[in-house]
Enquirer: 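The following block contains the structure, expressed as structure tokens.
Chain A is the first sequence line, chain B the second, and so forth, proteins listed ahead of strands; every chain is numbered from 1.
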There are 2 protein chains.
Amino acid sequence: MAISDAQRTALPTLEDVARAAGVSRATVSRVVNGAPSVSPELQRVVQDAIAAVGYVPNRAARQLITRRSGVIALVMSIAPGSAADASALDAGAPDDAVLRDPAPDGAASEDASPDASADTAVDRVFADPFFGRIVAGVLGFLRPLHLHPLLMLAEDEASRALVLDHLRQGAADGALVVSIDPADPLPGLLVQAGLPAVFFARPERPLPVRYVDLAHQDGGRLAAERLLAQGRRQVAAIAGPLSLHAGRARLDGFCDTMARHGVAYVPYTVGNFTQDSGERAMRELLEREPELDGVFAANDLMAVGALHVLRERGRRVPQDVAVIGFDDSSAAASARPRLTTVRQPVEAMAARMAQLLLERLDEPDSPPRAVLFDTELVVRASG
Amino acid sequence: MAISDAQRTALPTLEDVARAAGVSRATVSRVVNGAPSVSPELQRVVQDAIAAVGYVPNRAARQLITRRSGVIALVMSIAPGSAADASALDAGAPDDAVLRDPAPDGAASEDASPDASADTAVDRVFADPFFGRIVAGVLGFLRPLHLHPLLMLAEDEASRALVLDHLRQGAADGALVVSIDPADPLPGLLVQAGLPAVFFARPERPLPVRYVDLAHQDGGRLAAERLLAQGRRQVAAIAGPLSLHAGRARLDGFCDTMARHGVAYVPYTVGNFTQDSGERAMRELLEREPELDGVFAANDLMAVGALHVLRERGRRVPQDVAVIGFDDSSAAASARPRLTTVRQPVEAMAARMAQLLLERLDEPDSPPRAVLFDTELVVRASG
DNA sequence: TTCACCACTGAGAGCGCTCTCTCGCCCCTG
DNA sequence: CAGGGGCGAGAGAGCGCTCTCAGTGGTGAA
């Protein structure tokens with residue numbers, strides 16, 4: 001990895017600007033950084049000189065002394081063998097067949113896929129609409145502040161160490177961590193290293209950290225109330241992994257509310273938040289409870305899977321069976337029938353997460369705080 | 001934005017390690033950077049000292065002299081009023097209704113969505129599965145090299161300037177640019193500024209740049225051949241924006257192949273790559289050609305929209321009408337019936353794009369090159 | 001008039017690292 | 001045994017910036 005010499009042709013420095021403007025380096029620096037006290041005339045002169053020589057400040061030099069990089073790490077943390085034990089599933093439908101184009105007609109095309117991507121946990125993370133929403137939320141908040149997120153992935157011992165090192169080296173001023181594994185050691189490591197971090201969803205093991213989270217239980221309640229209001233009494237649930245707070249709480253909220261209204265028995269199956277697992281779960285539930293008239297899935301992807309199976313089995317939605325999802329992801333609106341779902345304001349949560357980190361950066365000694373977001377029921381056609 | 005003083009408690013520097021090891025700063029530096037010539041004993045001593053004092057190199061100091069940040073910018077560039085003139089559509093189905101939870105039961109929850117995100121072009125970009133695939137591909141390639149992508153968004157004059165400034169300031173060594181607007185000035189600006197950049201898809205206006213792209217036309221041909229092989233002759237197409245090369249070429253490849261096989265008339269409608277536009281297009285096509293028996297959509301999202309409309313209209317897929325999509329995105333596999341589609345190896349393309357950038361960084365004077373990827377037909381159930 | 005006090009600007013010391021240059025040492029050769 | 005070559009290590013000069021501290025000139029109060 002050589003040095004990019006090409007246009008290293010001596011970019012202008014503060015010194016150059018100072019010379020051009022006939023002032024000192026310090027004065028130019030003051031102007032560049034929103035001068036607290038530089039006379040208007042000099043300010044003009046310096047501004048002109050900056051424009052004339054085409055000066056841009058060198059981030060590295062600035063960071064060296066200010067100890068601020070102006071970068072925020074966005075860490076997607078997925079430990080292998082995690083709650084998403086989905087590795088065995090969905091590796092392409094069995095009926096898939098790839099017809100390779102035998103002879104590209106003359107074009108100098110190159111088939112350059114060296115390490116053909118196996119469909120790993122990693123790919124699944126980025127394929128989930130959840131990821132895009134997080135990014136959109138973070139970016140929306142950071143952009144006006146002229147900050148940018150550095151995307152990092154932690155999936156094993158090595159990459160976790162790398163993330164920690166990068167942070168310690170000052171590659172970023174702090175980390176926004178989306179951890180989707182209850183046994184993930186990263187949160188603990190970050191705290192231990194004293195690195196500024198804010199989490200999406202509370203860590204599974206209690207830690208004195210800042211985080212944003214959702215009133216999951218309440219979401220489950222909303223779904224239950226909706227089904228109850230429709231007179232559904234033979235309901236079932238497709239839960240998320242019970243090792244995750246989100247998985248347990250959504251289910252609990254649903255079941256508790258049902259129980260409170262006299263529906264004591266709520267059969268459920270555990271999925272892993274993928275569409276395929278939703279399909280499997282729905283099949284199993286129909287097997288067990290052929291008469292069911294309502295289903296609550298702990299996320300939209302699983303709900304969509306349930307929708308497919310119900311259609312395949314000739315059940316009409318919502319006439320025969322009502323289906324309620326969770327998240328209000330893009331999948332909910334594009335499903336047919338459109339999915340009634342419990343909204344999780346992911347973008348707003350992600351934005352808030354970023355805001356919490358900046359607060360922590362500005363006031364290192366402020367006590368850790370958490371922000372809980374409320375859910376809403378988005379009523380569409382499925383239930 | 002004050003300084004995070006908390007643990008600024010004098011991180012150990014090279015100097016400290018040198019003292020601890022009883023050697024000079026230079027020697028420690030050599031060891032840290034894969035010493036070309038340091039005696040094994042000394043190496044051991046230094047390594048131990050590094051571990052003992054808990055040293056991590058300071059990136060800023062290093063970057064200041066090496067002029068390498070070890071960061072790659074990943075720029076999503078969307079000019080407003082672009083090909084995706086989707087602003088008018090899909091802003092929530094009209095039948096949506098939000099039931100706000102009136103009284104959260106006591107919990108100290110906070111409804112903190114200050115700038116409630118309007119569904120902007122930005123959100124749409126990140127909601128598209130395409131984005132996740134790009135990220136996954138880039139990350140897959142960069143990660144083993146211990147490099148990280150800095151995510152930037154360029155959507156208007158101001159943010160474009162910001163991206164350019166950041167690059168000039170050395171926030172990143174180069175840029176990977178995904179530009180989804182034919183009129184986007186960013187590619188030109190980057191070239192003009194002499195900044196290292198590689199593009200996903202060729203710039204609409206010819207520029208001497210590196211890029212990866214797809215044999216779009218060939219993909220259209222594959223789709224046509226598939227339909228022809230099934231004896232479909234009343235075919236139609238849902239095209240992408242014709243202002244984009246991808247939009248035109250996919251359509252051209254499809255129509256040309258049809259023509260070559262005696263199907264001279266191929267009605268088509270232009271969509272904007274969203275599911276909604278696919279639905280609208282399908283409705284229009286059915287209106288115009290009630291007898292059609294095959295549809296080629298320029299991407300999977302639009303194909304899924306077509307699927308919905310066909311079902312709604314009582315057409316069986318694939319018995320009555322065959323549907324072929326493009327991209328082989330997650331939407332294709334999760335649709336019902338599963339979507340036959342032309343695969344675009346986005347992950348591999350993104351990885352290659354990153355590789356091209358690193359090559360450019362290593363050899364600034366190497367001539368711009370492009371890499372074209374081939375398509376494949378992925379046969380599933382829809383056609 | 002004198003002195004304290006601003007308000008503004010300049011000088012200079014580093015931030016932590018890399019890299020060139022130099023030096024010392026050992027080994028090989030004539 | 002002297003001289004040359006090569007290798008390993010140290011010294012020191014910055015990279016471009018910020019920030020403290022000192023200095024200058026002007027003003028108002030004593």
Enquirer: Do any side-chain nitrogens or oxygens of A:T66 fall under 4.0 Å of OP1 or OP2 in D:dT18?
Expert: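 Answer no for this pair, as no side-chain N or O of A:T66 is under 4.0 Å from OP1 or OP2.
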Enquirer: Tell me whether B:D48 is salt-bridged to B:R44, with the criterion being a basic N under 4.0 Å from an acidic carboxylate O.
Expert: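 Salt bridge between B:D48 and B:R44, a charged N being under 4.0 Å from a carboxylate O: yes.
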Enquirer: Under 3.5 Å, is there an N or O donor on one side and an acceptor on the other linking the side chain of B:R30 and the base of D:dG10?
Expert: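 Check passes, donor-acceptor contact within cut-off.
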Enquirer: Atom OH of B:Y55 and atom P of C:dG16: how far apart are they, to the nearest Å?
Expert: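 Going from OH in B:Y55 over to P in C:dG16 covers 10 Å.
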Enquirer: Atom CD1 of B:I65 and atom P of C:dC17: how far apart are they, to the nearest Å?
Expert: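 Roughly 12 Å, once rounded to whole Å.
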Enquirer: Does the side chain of B:I72 reach to within under 4.5 Å of the side chain of B:L150, using non-hydrogen atoms?
Expert: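 A side-chain contact is absent here, since even the closest heavy-atom pair is not under 4.5 Å.
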Enquirer: Report the C-alpha distance between B:R352 and B:Q355 in whole Å, list the side-chain angles of each, state the deciding distance to 0.1 Å, and finish with yes or no for side-chain hydrogen bond (donor to acceptor under 3.5 Å, both in side chains).
Expert: CA-CA 5 Å; B:R352 196 66 212 279; B:Q355 191 185 355; 3.1 Å; yes
Enquirer: Using whole Å, report how far CD1 of A:I50 lies from C1' of D:dG16.
Expert: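 Atom CD1 in A:I50 sits about 14 Å away from atom C1' in D:dG16.
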Enquirer: In whole Å, what is the span from the CZ atom of B:R62 to the C1' atom of C:dC17?
Expert: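 Atom-to-atom, B:R62 to C:dC17, this comes out as 8 Å.
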Enquirer: Quickly work out the B:L14 CG to D:dA9 P distance and round it to whole Å.
Expert: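 Going from CG in B:L14 over to P in D:dA9 covers 16 Å.
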Enquirer: If you compare every side-chain N and O of B:T27 against the phosphate oxygens of D:dG10 (OP1, OP2), does one of them come in below 4.0 Å?
Expert: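 For D:dG10, OP1/OP2 do have a side-chain N/O of B:T27 under 4.0 Å.
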Enquirer: Has A:T13 got a side-chain N or O lying under 4.0 Å from the OP1 or OP2 atom of D:dG16?
Expert: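 A:T13 to D:dG16 OP1/OP2: no side-chain N or O under 4.0 Å.
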Enquirer: Got B:S24 and B:T27 here, is their nearest side-chain heavy-atom distance under 4.5 Å?
Expert: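 A side-chain contact under 4.5 Å exists here.
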